[in-house]
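Below, chains carry the letters A, B, ... as their sequence lines are ordered, and counting in each starts from 1. Just so you know, these numbers come straight off a predicted model, no measurement behind them.
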Amino acid sequence: MAVTQIELDSAQVVEARGLRKVYPSGEGQVVAVDGADLEVRPGEFVSIMGPSGSGKSTLLYLAGTLERPDSGSLRLGGRDVSGLNPKELADLRRRLIGFVFQQFHLIPTLTALDNVMIPLTPYMARRQLRDRAISLLAEVGLEGRTHHLPSQLSGGEQQRVAIARALIAEPRLILADEPTGNLDSASGQQVMSILVELVRQQGVALMVATHDPELAGQASKRLYMRDGMLTTD
Amino acid sequence: MKRFKSRSVDARKALLFLGLLLVSVAFGLFLSSARTLSAVAVADLDRQWRTGYDLLVLPPEVQLPVEQGKVPPNALTGWSGGITFTQWETVRSIPDVEVAAPAAVLGRVFGALPQRHMLKPPVISEPGLYRLTNDSAILGSIWPRRGTSVSYMFIFRGAGSVPADVETAGKAAAHVPGVYFRSYPWSAGEMVWQWIDVLLMAVDSGSEDALVNLEGAFVWGRLDESYKSEVVQLDRYHSREKGQAFQIPVVLNRHRYTQRAEGVLIERLTPDGVSRTDPLAAADLIARRGGKDYLNSLPGSPVLSLTLEPEAYHQAYWEGLETAVGPGRNEVSLFEPSGPVTYQPGVDLAGMKVIAAVPVPGNIPFLVSFRKAPAPSDPPKAKIVFKLTGVFDIEALGLASAEGGPAAVPVDIYAPPSATLVYDPSGHRLDEPRSLLPNGDPQSYIQEPPLMLTTMEAARLIAGEKSISSIRVRVAGVERYSPEAQQKLERVAAEIVHRTGLQVVITAGASPERTLVFLPGIGSIPPAGYVEEWWTKAGVNLAIREKVQWENLAFFLIVLVVAGLYVGNTALVTTLQRRAELGLLKALGWRDASVAGRVLGQFLGPALVAGGLGVFLSQGVAWAMRLRLSFWQALIVLPVSLALALIGGAAGLGVAHRATPVSALRSGDVSTRAGRRTRPHRSGAGLLSLAWSGLAGRPGTTAVNVLITAMATGFLVLLVVLLRTTRGYLGGTLLGRYILLHIEGYHVAMAVVALLVAAVAAADSALLGIMQRRAQLGLLSAVGWAPGHVSRLVLTEGLLLGALGALGGLIIGGVAAIALTAGRAATLQVLATGGFAVLVPLIIIPLSVLGAARQAGRLAPSHVLRNE
């Protein structure tokens, strides 16, 4: 793992206060997230439910530093991220956060193994990286599929590759945006059980945006969003 | 996301506009250069079409098969006689013959030169034994000639100290060859012999004045036609010989063609026990001790050392020559002239045709003879008594030498043949080619031009009616090239052949042609190697007139093809990206024609603006480059730009036509983002592998870009190789070189434009790649790749593109260079010189994608991922 310049502590993985994000829309504005307060501790499974367009994904992207908030504060691993430049943010994401997307977002020309390795390719020796990626693929039940291209894998398998990719840098937080949204129910359940099990075993915090009440029901903390406002049960 | 997309689309439109503008300016540049070049080239050709003379009349069948259509530079002095005075008169009488200048090679004048005009050693009167060492060298010739002679003089004190028979009949010399005894002071110069050996040629002074302004070259006097040659009795001139001699007027050419040097060392010897009073006893003792070998081994103390370097030598030689043929001198012998060199086809060297000179048996041990020449022991052709009437120097004539320019058609009357040793006998190119000079020997390959000219009347007296060997003819009323002028020359040539039966070479429109001649060895003398000469080739001018135009057209076509490929590909890809929009329009009821109009419109608009701007810009560039281009001429740039856009747009029309509402509106996955499903392929996760994968993901655009870069680089490689290996000429003649040297800047400008178009295409390709793979790039950013790493991925794509283009360019340009130079540019030379040119795409292509790379690094991952 490349040495990062960012010092982290272990008290809170995510600590957000009054997060607000507004997007321009035609002549007006859309408030995607409106003053959200959020705390996520290590090992905690947080679900966020809400209708389409309620701001779930935006909240995840804010927490994942893919978006910058218009106002409010965000601390990740105890570190205030507001003053970090793009390079430092990239380092932080790589070190702290793993992403799982609804669309999987696997690179179509890379094998499952290479897709898992891709986050650390520029930063780590290939041999070491490869061993870890093979081990992660085994953990998600894809031992025999390491050299398959995404197009040769089912939707569930692709999402499991994406989970392995999210775990490659041993993150403290996994952000999953509708991870089962593109899967049939059997595959969805399989993916979720893997996610939940990995989180439980490794003590990683998990934030999931989902429409699925059953999935949300497994979470230790259940949040709801409506028109950008974040509420608890 | 929308902002990024629209920015990329805008950037691509700007690049397309830039590409069209570049081509417009390039076309304007081509137009003005072609016009200027054409004007300059045609003017040059017309002016230089007319050589020093228009026709060369020769005796029939004097030329060898390998010389057909050509005149070797050393030919004229090798031909002796063959044309009668009557035939000369006939040629002169033909209408339109303005000048008919005959040349008659009469022979070689051979005789001793008075030593007092050369080295001037003093008179030595101190008694004693002296050693005289005389070194002579002729430098710069094929087989350098050096000689050393050693002789001894024993001076005794006072008159009568040496018996008269020993002193006069050389009895002592019979005891000890090479040792002389005398009782009186010794003028050392008498033992240093110099020989006259010069070519005598007869010309008609009036014709020479008209043809080359010979009278303007005289240092003093002139070739006096009024002086009547006559046969005289030798005893009138106190000659030791009796009989008849020809008394003729001559003029001397004082120009220096050889590099001779001379040195004399006089030492005093003091042999032990040798009598200084009794010459016979001294001679006996020296003979008993080993004679000359004994004397050679003795140390000497220098008394005098004299050296004449080439310049001083020539001055002394020329003064001696002038005195030798001046008033009151005795007769000299005239020998038959040496014959011509015989040639035969040789073995090709490095893809070039070689002509081999054929050696002939000779009597000089240290050089290979190429001409049959009389030996000094042969009986002379005649005895000559000279009447010196003038001295001239050909430098004052201002005649072009073989390398002086295209108008030169060198015959060796005034200019020496030019030969440069360029390859050793085994065919290896010399590091420093060596210009070869005559060595003064009548049998040697390179001859001095005639240093003595006499009148035609003298030629008739000495050599008879058939003594003329060539006639150079100038035709009246011919100034510049025109079809009528050419016809006139051909008519006069035909008339000469018809009325005299002689052979005629039309030299107008001729040009010196580079010819490789092998000079073999003979016996124990090794070959000299390969010399480069300039043979006069007839009829080159007209061929080059056509070649100039074709070469320019071909070079510009490369730029047009490069630009056409770029615009066509951009149009195709742009239309493919708009397939959904076009499908929607059809779904809304637009007809095919309306959709086609919309597709073409997106290219015609920029083309119209770029073409319009190109009209003015190309005029500005033409003005800056001092080329001629009027506004009205520049206007043609506009339709060219529009035509290019139409051709490019036509590529997109097919796509637009095939766009159906259903297929176009159906959303696809990432791999169908550009409207085409790419074939799944594997790549590694490394930077290079991902970059390669990016290029392979848009195979059509990548292939077109590599082709564009390769063509532009190949063009540059070709120019660089031509400039380095053949000094920038393609035509194989001086005339060709002359023209291409004038246009090399223009050609390089064209190559630069082609490379700029390649750079624009590469930038466009990079933008396209980012648009197609923005999900992938956004993902890399999301999972923690720093912006620099994402940018580096795009830069690596540019580097790969540049490298592929450079490799292709080296191959294309190298093969073209080898083919166009007929093998003169060897493969290694191409790699060495073209290697520099391929650095250009390796630098400019990655540079051109810098902007796109920065944009890739700044992609907001959330925008990308949310929208894909």
Exercise for the section: Heavy-atom pairs under 4.5 Å with chain A are the metric here; pick the option from G788(B), P787(B), G857(B) that has the most. Expected result: P787(B)

Exercise for the section: Flag yes if more than 12 heavy atoms outside R68(A) fall under 6.0 Å of its CZ atom; otherwise flag no. Expected result: yes

Exercise for the section: Using a cut-off of 6.0 Å, state whether more than 12 heavy atoms not belonging to D184(A) lie near its atom CG. Expected result: yes

Handout entry: Heavy-atom closest pair, residues Y123(A) and A786(B)
Key = OH-N, 2.9 Å

Completion exercise
Separation between CZ (F101(A)) and CG (L779(B)), nearest 0.5 Å, reads 6.0 Å

Problem - Closest non-hydrogen atom pair between T121(A) and W785(B), with its separation - result: CB-CZ2, 4.3 Å

Exercise for the section: Locate the shortest heavy-atom distance separating Q776(B) from I107(A); write the atom from each residue and the value. Expected result: NE2-CG2, 3.2 Å

Problem - side chain to side chain donor-acceptor pair (under 3.5 Å) partners for R17(A), two or more places apart - result: E39(A)

Handout entry: Least distance between heavy atoms, V783(B) atom then R165(A) atom
Key = CG1-NE, 4.4 Å

Problem - Nearest heavy-atom neighbours spanning S781(B) and R93(A) - result: O-NH2, 2.8 Å

